[in-house]
Number of protein chains: 2
Amino acid sequence: MGALEGDRPLGEGRRPPGGKPVSITAVAERAGVGLGSVSRVLSGKGSVSPEMLRRVREAAESLGYQPNLLARSLRSRATNTIGFVISDITNPLLAAIVGGAEAVLSEAGYSVLLTNSGGRPEIDAQRIGLLLRRQVDGLIVLPASEGDPGTIAALAGAGVPVVAIDRELPGVPEASVVLSDHYTGILAATHHLFEAGHRRVALVAGPDMRPARERLRAYSDAHTRAEVPPFGFTFGPLSAARGAEAVGQLLGAAEPPTAIILGGNQLLEGAIEAAQGRGVAVGRDLALVCCDDIPLGRLHRPPIPTVMRDTDGMGRAAARAFLARIAGETPPPEVMATWFDPRADQDRVGAGSG
Amino acid sequence: MGALEGDRPLGEGRRPPGGKPVSITAVAERAGVGLGSVSRVLSGKGSVSPEMLRRVREAAESLGYQPNLLARSLRSRATNTIGFVISDITNPLLAAIVGGAEAVLSEAGYSVLLTNSGGRPEIDAQRIGLLLRRQVDGLIVLPASEGDPGTIAALAGAGVPVVAIDRELPGVPEASVVLSDHYTGILAATHHLFEAGHRRVALVAGPDMRPARERLRAYSDAHTRAEVPPFGFTFGPLSAARGAEAVGQLLGAAEPPTAIILGGNQLLEGAIEAAQGRGVAVGRDLALVCCDDIPLGRLHRPPIPTVMRDTDGMGRAAARAFLARIAGETPPPEVMATWFDPRADQDRVGAGSG
DNA sequence: GCGCTAGCTGGAAACGTTTCCAAATCAAGC
DNA sequence: GCTTGATTTGGAAACGTTTCCAGCTAGCGC
């Protein structure tokens, strides 16, 4: 790509005082050479003589030429642009994923078109349509629901490189996926609770999609293996309100659980609030386990044990998968690790109650 | 815009089985009309007969036509695209601003090109250059430093609509700004601390830019007004590490402060950690005041008083300012409110110590 | 019936690039 | 000096749209 970079005041070549923006034609005229040659020099494709290189570069420089990427993309059928479809940028988890992906993508010369669906699948589809009309080279999606795999399938089937994060797309081999191994982390967390003496462990699993189902599978397997009857689980949205509601209900039961596993960090806020509201001391009267690291959990006294994963790494992996697809490869599904961090202090081992 | 929307499987019109993407020309042929008419119908500009409308719509529909926005933008000199330059998408504050802006912008038909500078000004400039080459219609920037106002000035001077958030751009009347009234919130917070009996109040102000300077001004004025000698302040980056470092130093002093005002939520995490590490109970032995709401502060026991502001609203305001600029208006600088929330429980009034 | 106007319509030109192809240039080999 | 082949060059065509302009048609008033 670019021969020229920020060697001149930004925004210069756009609309020079004269009026017309400086185009490749202007450079060609100034250098006294043909259009093709200028293009070859500036885009770096094709071979040119050293003399030509010098003259064109000089002319471009002196005119403050900046290529119009729109025109380039129109002709070359590649925009070096990727659509990122996400349900809620406000969620630190998703933000971290976006951040990781953006780093890799911009390094590779891609720009990210970010779209926030707000969790409504119909908006998802609408925005994806807009991105396609904008001729993005591909998409990284973190759909709000699995309800409409048809959309993704249609895309992938139409040859648009698609990478889905933490979603299963059965029957859509054309799409790549980056998955989290939620199973391992929750399995370890559940065993840890058993070891601490808990026998009534509830799971608030999150919305009925792959991550929640994997967590549930680990939760069930752990109970089976330890021969402990499962206390129960719920599916539901990932939000503070839902966390408060679920924990409130659980604590209000005749025989409440002594431990609750929360399937998403958004639940933690509400969960702590609900417990505090009932005078239940989190970490003493009630053990909580959270998924995905947030300061709230780490700084709680006692700290709240957490199933961790590398969110930045997930974003990077998704970006790499996308770049691989662009390069014509078909990267296999990538499964990213999760691990359980009990976060026990030296002087305080195991959770209370029983 | 668009007459057509998701009425057909997504990604259809891109590369039909045949091979060539379906263009306006194909629609014209199919409908047996001229190119111009198809454009007029599909873009909604210019007048056409009802019969023409019907025929073109029908042809477009049956071919699954999707307009190529790249070509449209190239010709019409407007991309309906905006560049969003931010230092760290991972920061929930910035993420909220982006979210608010994205909502307004996408509602207005704009797409957001997101760029993460990682706080390095040279990357800022480089990415801004790329965005301009992509012919964005304008920029919303939250620059990592005020060190290079030249960049912004050059842009605004070159006629690129620019909206800056929480940065002063003296001498760049072409740019619009959305500012926070940090002064009011910190003034109230400082007075609140005085009323609770604190006389040694420190300020960890954040990097030496407008927000931190405004906070310092409020801090100073409050002290002058109350005839309390200021304890002291520091500038510095907004990060958990810096929060820990600053609080550690302050607490290690011969005569440590009894209250610390933190100029950014990122500092809180490290601040609490540092206090905990020294066995200082936050809210009892040491009063903290934070800026910008985060769950960590709200759920701390006792809750940590906070200077609040409407981050989503800031993003929306910035987006509206941008749209106004696009429409040829020159919106005046907008100052968004901040307010102090003492967050005192019923049963626990005022901070301890003194 | 004629001239005028207003509204539609078709198609060329333009947007700024890349890509392709034919022509020009050059060096080397004989 | 001429031929050959490779390299370099200039410019036309193409990308898919909007914009502009000239021409056509219909409607209307006289």
Side-chain angles (χ1 to χ4, degrees), chain A residues 1-4 13-16 19-56 59-60 63-80 132-135, chain B residues 1-4 13-16 19-56 59-60 63-80 132-135:
Chain A
M1 298 277 131
L4 335 177
R14 281 207 130 202
R15 284 276 181 289
K20 287 186 93 62
V22 18
S23 71
I24 217 178
T25 319
V27 176
E29 248 165 59
R30 171 81 157 232
V33 303
L35 259 67
S37 301
V38 177
S39 173
R40 275 185 291 268
V41 169
L42 263 24
S43 69
K45 302 175 200 274
S47 56
V48 290
S49 68
E51 165 65 5
M52 178 65 83
L53 199 80
R54 195 191 56 74
R55 289 182 67 178
V56 171
L63 291 171
Y65 169 78
Q66 293 286 115
N68 181 330
L69 264 31
L70 235 47
R72 180 194 305 232
S73 297
L74 176 60
R75 179 63 239 239
S76 66
R77 298 184 163 294
T79 55
N80 272 30
L132 292 179
R133 290 193 289 271
R134 287 200 190 284
Q135 310 297 119
Chain B
M1 300 277 133
L4 334 177
R14 279 207 133 203
R15 284 278 181 289
K20 287 186 93 65
V22 19
S23 72
I24 217 178
T25 319
V27 176
E29 247 165 57
R30 170 81 156 232
V33 303
L35 259 66
S37 301
V38 176
S39 173
R40 276 185 291 268
V41 170
L42 263 24
S43 68
K45 301 174 201 274
S47 55
V48 289
S49 68
E51 166 65 5
M52 177 66 82
L53 199 80
R54 196 191 56 73
R55 288 181 68 177
V56 171
L63 291 170
Y65 168 78
Q66 293 286 116
N68 180 329
L69 264 31
L70 235 46
R72 171 183 307 198
S73 298
L74 176 60
R75 178 64 240 241
S76 67
R77 299 182 161 293
T79 55
N80 272 32
L132 291 179
R133 290 193 290 271
R134 288 199 189 286
Q135 310 296 121

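In what follows, chains are A, B, ... by sequence order, proteins preceding strands, each numbered from 1. Here the structure is a predicted model, which is why all the values come from computation and not from measurement.
No side-chain heavy atom of A:Thr79 sits less than 4.5 Å from a side-chain heavy atom of A:Arg134. No side-chain heavy atom of B:Gln66 sits less than 4.5 Å from a side-chain heavy atom of A:Leu132. Annotation: side chain of B:Leu63 is in contact with side chain of B:Arg30 (closest heavy-atom distance under 4.5 Å). For the pair A:Gln135 and B:Asn68, the minimum side-chain heavy-atom distance is below 4.5 Å. Looking at A:Lys45 and A:Ser76, their side chains never come closer than 4.5 Å, going by heavy atoms from C-beta outward. Side-chain contact between B:Arg77 and A:Pro21: present, with at least one pair of heavy atoms (C-beta onward) separated by less than 4.5 Å. Looking at heavy atoms from C-beta onward, A:Leu42 lies in side-chain contact with A:Tyr65 at the 4.5 angstrom threshold.
Between A:Arg134 atom CZ and D:dT17 atom P there is a gap of 14 Å when expressed in whole angstrom units. Rounded to whole Å, atom C1' of D:dT7 lies 12 Å from atom CE of A:Met52. One atom, CZ of A:Arg133, and another, P of D:dT17, lie 12 Å apart when rounded to the nearest Å. The nearest whole Å value for the distance from the CG atom in B:Leu70 to the P atom in C:dT18 is 13 Å. The interatomic distance linking A:Arg72 (CZ) with C:dT19 (P) rounds to 9 Å, in whole Å. Between the NZ atom of A:Lys45 and the P atom of D:dT9 there is a distance of 19 Å, rounded to whole Å. With rounding to whole Å, B:Leu42 atom CG is found 11 Å from D:dT17 atom C1'.
Between A:Ser47 and the phosphate of D:dT8, there is a side-chain N or O to OP1/OP2 separation shorter than 4.0 Å. Here A:Ser73 does not reach the OP1 or OP2 of C:dT17: none of its side-chain N or O atoms lies under 4.0 Å away.
With A:Arg40 as the partner, the side chain to side chain contact (heavy atoms under 4.5 Å, CB included) test is satisfied by one option alone out of A:Leu53, A:Val33, A:Val56, A:Val48: A:Val48.
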Counting Watson-Crick and G-U wobble pairs with both distances under 3.5 Å, what is the dot-bracket string for DNA chain C, 5' to 3', using [ ] for crossing pairs and | for pairs to another strand? ||||||||||||||||||||||||||||||
Under-3.5 Å N/O pairs linking protein and nucleotides 11-15 of chain C:
residue, atom, partner, partner atom, Å
C:dG11, N7, B:Gly36, N, 3.4
C:dA14, N3, B:Arg75, NH1, 3.0
C:dC15, OP1, A:Lys20, NZ, 3.2
C:dC15, O3', B:Arg77, NH2, 3.2

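At a threshold of 4.0 angstrom between heavy atoms, the contacts of A:Ser39 include nucleobase atoms, whether or not backbone atoms are also involved.
Shown here for B:Pro67 and B:Arg72, the closest heavy-atom pair between the two residues is CB-NH2, 3.7 Å.
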